[in-house]
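Scroll down for the structure; my scribbles are underneath it.
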Amino acid sequence: MIRSKLKQLIDSCFNQGAAQGLWSNAAAGLYNVETPRHDGQGDFATNFAMVLAGKEKRNPREIAGQLVALLETDDTLLDKVKIAGPGFVNLFLKPSVWSTVLAPIDDQRQQFGLTNIGNSKKVMVEFVSANPTGPLSVGHGRNGILGDTIARLLDATGFDVTREYYFNDAGRQMRVLGGSLQARYLELLGEDNQFPEDGYQGEYLYEIAREMIEDAGDEFKDNELDFFRKRAQDAIFADIEATLKRIGITFDSYYNEHTLYEEGLIDAVVTELRAKNLVYEKDDATWFKSTEFGHEKDRVIIKSSGEPTYRLPDIAYHREKYRRGFDWMINIFGSDHIATVPDVMAGIEAIGLDNSKVQVILHQFVTLMRDGRQVKMSTRKATFVTIDELVDEVGVDALRFFFLMRKPDSQLEFDLELAKAQSQENPVYYVQYGHARLCSIERMAAEKEVALPELSATDLSCLREKEEYQLLKTLSEYPAMVTGAAKDLAPHRVIFYLMELAGHFHSFYNKHKVITEDEQLTAARLCLCQGIKTVLANGLELVGLTAPNKM
RNA sequence: GCGCCCGUAGCUCAGUAGGAUAGAGCGCCAGAUUCCUAAUCUGGGUGCCGCAGGUUCGAAUCCUGCCGGGCGCACCA
């Protein structure tokens with residue numbers, strides 16, 4: 001807020017200077033207002049003079065001098081300005097400016113930080129998209145929490161967001177699943193059975209089989225494999241949905257790949273590609289000329305068996321997303337899907353669609369550490385750790401927080417022992433404790449019969465401590481942080497912001513008392529606390545974490 | 001061999017659009033509570049920002065090459 005006001009001021013100086021012939025327009029929009037790292041360098045600084053000097057081959061300090069002369073005519077924001085280093089202009093704000101950040105927070109409350117930069121643009125976030133072959137594992141957890149939080153960020157910035165789960169309940173994978181359940185069912189009945197060679201070995205299939213026996217005994221023992229496939233799928237999907245709901249994730253729609261076949265959308269893509277002469281037959285298979293799009297080799301889209309490879313439905317699915325009117329399509333994938341991205345992008349381009357509207361977030365793997373060793377996970381083997389197990393151990397908030405702490409590009413190391421044994425040390429509690437403390441202050445004020453002050457009737461000029469400035473400054477950065485995190489699809493920035501704000505608050509709390517004999521100071525500090533509480537609560541909500549009143 | 005991601009403090013990781021003296025948490029050491037919750041705070045860091053070049057006023061950040069780790073490179077998804 002304050003920063004953007006300053007930026008406006010400097011922009012106006014820039015235009016003024018250009019009008020006076022002090023410099024050209026070449027540097028328009030290239031300079032910025034940043035926060036200096038060290039004391040004595042002002043509240044903000046601008047690299048204006050250095051950028052301009054680069055463009056015009058002039059001495060930066062001379063330009064800085066001209067800028068300073070223009071800035072000194074302002075008497076609303078600035079206390080003083082100083083030229084420093086190679087040509088930075090350090091900007092020192094009037095102390096009174098800082099307290100103005102509380103008014104918008106007080107006005108907008110839960111709405112504070114929300115913007116409409118998305119302008120109701122239709123965006124789809126597709127994530128999780130796990131086929132129902134087993135419980136969600138840790139990797140799906142990262143995918144889900146990342147996708148969900150990105151969707152929340154886009155909601156908060158005024159996009160019209162649809163969350164979609166894409167799945168496939170046909171194909172070889174699912175037949176193996178059906179065969180695995182059938183074998184478990186027969187095994188529990190003491191009948192002859194043959195467990196598929198590469199079957200799913202997880203305990204969960206025994207559980208489903210046990211339920212079937214409780215329901216209907218051996219009634220199903222002569223049923224076809226497809227019956228078991230369906231039974232397994234339904235049970236597993238119900239589990240998946242329950243797990244997702246438990247960690248705060250919901251979807252607006254589920255899209256079954258089968259729909260693409262039913263509605264002839266697969267054939268439509270093939271027809272279209274054929275018309276453009278981008279497919280050909282070889283070795284009984286149908287190939288897509290991806291080499292025409294700069295790829296190393298062509299790819300099969302229909303196998304010699306007549307079944308499409310994953311590429312064809314993926315292309316058809318995206319075509320359908322465009323038809324449904326999405327202007328921006330975000331896909332959250334694990335890094336093991338890297339190979340599919342270029343193929344599908346080429347396919348989209350091939351059918352005449354603008355693939356710059358599709359953005360893929362590839363997140364790296366979660367490495368699970370147990371006893372200092374990496375746990376190798378496989379869906380088929382019984383060696384994977386489920387999200388439910390993790391949540392049982394560390395709780396929803398800690399899980400979300402941990403998974404959001406790293407940017408998607410980084411591998412994420414999740415130490416089970418650490419999460420279990422030291423959950424008290426978890427940084428999520430640090431932030432939440434800040435909120436609980438603020439609530440506690442309010443309770444104490446009520447107990448002492450100190451009324452919560454009206455901001456408009458409170459004199460904030462007594463907020464002069466270093467810690468108070470720091471808090472006001474951090475609060476003022478919240479809206480820009482939210483829009484930045486949304487624009488860059490970077491939820492981890494919200495986490496880091498919350499830790500910073502909570503940290504400043506804890507420092508303040510330990511050094512200064514809020515409720516004192518000094519009524520004026522008490523009122524001002526209570527207003528400050530209200531602002532911090534609102535922003536902490538909004539930030540926690542934004543990433544799907546709870547803001548407890550008491551801990 | 002080719003493509004994508006990563007390499008920053010003992011460990012796990014931040015570091016917008018290139019900026020001034022490099023950041024946090026954890027761990028470790030030493031302290032703080034007659035007072036609003038000590039799940040807190042304060043103090044303690046000699047880091048070849050993987051290596052070598054290049055671009056420029058200025059590089060952890062951009063470019064090139066190399067080294068190391070991860071993930072891929074199917075008529076699986």
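Each chain gets a letter, A, B and so on, in the order its sequence line appears, and its residues count up from 1.
For the pair A:H492 and B:rG15, the criterion of a side-chain N or O lying under 4.0 Å from OP1 or OP2 is met. Contact annotation: A:Y429 side-chain N/O to B:rG25 OP1/OP2 distance is not under 4.0 Å. The side chain of A:R437 places an N or O atom within less than 4.0 Å of a non-bridging phosphate oxygen (OP1 or OP2) of B:rA38. Side-chain nitrogen and oxygen atoms of A:K303 include at least one within less than 4.0 Å of the OP1 or OP2 phosphate oxygen of B:rC76. Residue A:K407 has a polar side-chain atom (N or O) positioned under 4.0 Å from OP1 or OP2 of B:rG15. Between A:T340 and the phosphate of B:rA77, there is no side-chain N or O to OP1/OP2 separation shorter than 4.0 Å. Proximity of A:S507 to the phosphate of B:rU42: a side-chain N or O atom is located under 4.0 Å from OP1 or OP2.
Between A:Y165 and A:F237, the ring planes lie tilted relative to each other; the angle falls in the 30° to 60° range. Using the six-membered ring where Trp is involved, A:H492 and A:F496 have ring planes that are perpendicular, over 60° apart on the 30 and 60° scheme. The aromatic rings of A:Y255 and A:Y317 are tilted relative to each other, their planes meeting at an angle between 30° and 60°.
One P atom belongs to B:rU21, the other to B:rG47, and the distance between them is 15 Å to the nearest Å. Comparing the P positions of B:rG50 and B:rA59 gives an interatomic distance of 15 Å, to the nearest angstrom. Nucleotides B:rG15 and B:rC62 are separated by 16 Å at their C1' atoms, to the nearest Å. With P as the reference atom, B:rU12 and B:rA17 are 26 Å apart, rounded to whole Å. B:rU8 and B:rC75 have their P atoms separated by 37 Å, given to the nearest Å. The gap from the P atom of B:rC63 to that of B:rC71 amounts to 25 Å, rounded to the nearest Å. B:rC13 and B:rG27 are spaced 14 Å apart, taking the C1' atom of each and rounding to whole Å. Comparing the same atom, C1', in B:rA9 and in B:rC49 gives a spacing of 10 Å after rounding to whole Å.
Between A:N331 and the options A:E164, A:K321, A:H337, a side-chain hydrogen bond (donor to acceptor under 3.5 Å, both in side chains) holds for only A:K321.
B:rG31: Watson-Crick or G-U partner is B:rC41, with both key distances under 3.5 Å. With a 3.5 Å ceiling on both atom-pair distances, the Watson-Crick or G-U wobble partner of B:rG23 is B:rC13.
Glycosidic torsion of B:rA32 falls outside 90° of 0, placing the base in anti.
Comparing atom distances between the A:Q364 side chain and each of B:rC36, B:rC5, B:rA77 picks out B:rC5 as nearest. Comparing atom distances between the A:F88 side chain and each of B:rA20, B:rA77, B:rG70 picks out B:rA20 as nearest. Checking B:rA74, B:rA20, B:rC71 against the side-chain heavy atoms of A:P36 singles out B:rA20 as nearest.
Here the side chain of A:W287 pairs no donor or acceptor atom with the backbone of A:I302 at under 3.5 angstrom.
Regarding A:R493, its CZ atom lies at a distance of 19 Å from the P atom of B:rA24, rounded to whole Å. Residue A:N143 contributes atom CG, which lies 19 Å from atom P of B:rA77 at whole-angstrom precision. Per the geometry, CE belonging to A:M405 stands 17 Å off P belonging to B:rC11, to the nearest Å.
The base of B:rA17 is not paired with the side chain of A:D488 by any donor and acceptor separated by under 3.5 Å. Donor-acceptor pairing under 3.5 Å, judged by distance alone, is absent between the side chain of A:S305 and the base of B:rC75.
Counting any heavy atom pair closer than 4.0 Å across all strands shown, A:A84 reaches a base atom.
For A:R406, there are no salt bridge (charged side-chain N to carboxylate O under 4.0 Å, His left out) partners, not counting sequence neighbours.
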